[in-house]
Amino acid sequence: MIHARGLTRRFKVGKGVVDAVRGLDIDVAEGQLVAFLGPNGAGKSTSLRMLTSLLPPTSGTATVAGRDVVSDPAGVRARIGYVGQKSSAGENFRVRDELVTQARCYGLRRAEARRRADEVLALLDLEALATRKPGTLSGGQRRRLDIALGLIHRPGLLFLDEPSTGLDPQSRANIWEHILRLRAEHGTTLFLTTHYLEEADTMAERVVIIDHGRIIADGTAEQLKGELAGDRVTVTVHDEPEAARAAEVAARIAGSDAVTVERRTVRLRVPHAGRTLPEYLRSLDASGVKVATAETARPTLDDVFLALTGRSLRESDESHGTAPHGA
């Protein structure tokens, strides 16, 4: 559904040039659910705009839904759905009328547009809201309407730009229920961005990470966490001199990495914490170090970001976030 090679976008800023995207190579197969992640300013939004034909690339090629984004942007737009970060619906017409108008814009005849509007209203549980105006809807309801507008012409590929940002947890869960149903029941290919790492971790079968305009990781969440972040082992000892000795022991363990000491606490990263912790505790005991507490933790996608970029995506999330809206 998506095939891009060497996709690049440069912007003139004053007298200089900024490379927002630098040689993007990506393939997305039909039916996949891909989370496209990156810190603010990484090139994520620019890449999305190029793939949806909203922004021409400076160089490179991309075929989306079987159409070239440069030579046939109208063909791309006719075959994809796009749900941006801002609400797509107007304020002056009823929900069903908005959907009918959108369908007519895609070339559906009037009767067909009405039938399709009723179909997507049912698909996204919006039937009871059909005669209301978008301005009277809650944040979660408006987001479902945005998705309905993106689906009105039955696209096989749907782009979702942060579909749940700003929603409360219940509304986010509801949005994801509908997103996953699209894929399960209709085989829709889904390509989305999100700042909620737990969504990418649990919902997406594939995670692609971009930073400084380049893809720096691509795989399942479990693969990326295992290969790039590793498990965490944390032990607390009785005093700071013992912590220093515990750190020396940790550095000698095969596969250990990123050993840090903070007062009486020692942390290290290892490939398999379940196998490493008993070995580490035996070595500490043999060295005369008494352990007060010990624990292990599986890595998160934020740990992956930290390992790859030296910074946390959650910092971007805090600066990017908006106040929650109702369901």
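You'll find the side chain of Leu145 reaches within 4.5 Å of the side chain of Leu99, heavy atoms only. Put simply, the side chain of Val120 reaches to within 4.5 Å of the side chain of Arg116, judged on heavy atoms. You'll find the side chain of Leu192 reaches within 4.5 Å of the side chain of Leu33, heavy atoms only.
Using a 4.0 Å cut-off between a side-chain N of Lys or Arg and a carboxylate O of Asp or Glu, Asp231 and Arg298 qualify as a salt bridge. A salt bridge links Lys225 with Glu222: the distance from a Lys NZ or Arg NE/NH1/NH2 to an Asp or Glu carboxylate oxygen falls below 4.0 Å. With salt bridges taken as basic N to acidic carboxylate O contacts below 4.0 Å, one links Arg143 and Asp146.
Leu160 and Tyr82 fall into different hydrophobic clusters, defined by Ile, Leu, Val, Met, Phe, Trp and Tyr side-chain heavy atoms under 4.5 Å apart, directly or through other members.
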Verdict with reasoning, Glu262 to Arg267, per side chain to side chain contact (heavy atoms under 4.5 Å, CB included): CA-CA 8 Å; Glu262 184 179 351; Arg267 296 181 177 87; 3.4 Å; yes

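Ring pair Phe191/Phe36 is tilted by interplanar angle, where 30° to 60° counts as tilted.
With Arg104 contributing its side chain and Ala113 its backbone, the two residues share no donor-acceptor pair below 3.5 Å. The main-chain N or O of Ala246 is found under 3.5 Å from a side-chain atom of Tyr280 such that the two form a donor-acceptor pair. Listed for the Arg172 side chain is no donor-acceptor partner under 3.5 Å among the backbone atoms of Leu167. Side chain of Arg77 to main chain of Ser53: a donor-acceptor pair is present (N/O by atom type, distance under 3.5 Å, no hydrogens or angles).
Listed by first and then second residue, the salt bridge (Lys or Arg N to Asp or Glu O under 4.0 Å) pairs that reach into residues 183-195 are Arg183-Glu205, sequence neighbours excluded.
Residue Phe93 comes nearest to Pro134 through the heavy atom pair O-CD, 3.0 Å, listed as atom of the first residue, atom of the second, then distance.
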Just distance, no hydrogens or angles: give the donor-acceptor pairs under 3.5 Å from side chains in residues 249-261, sequence neighbours left out.
unit_1 : atom_1 : unit_2 : atom_2 : d
Ser256 : OG     : Ala250 : O      : 2.8
Ser256 : OG     : Ile253 : O      : 2.9
Asp257 : OD2    : Arg269 : NH2    : 2.4

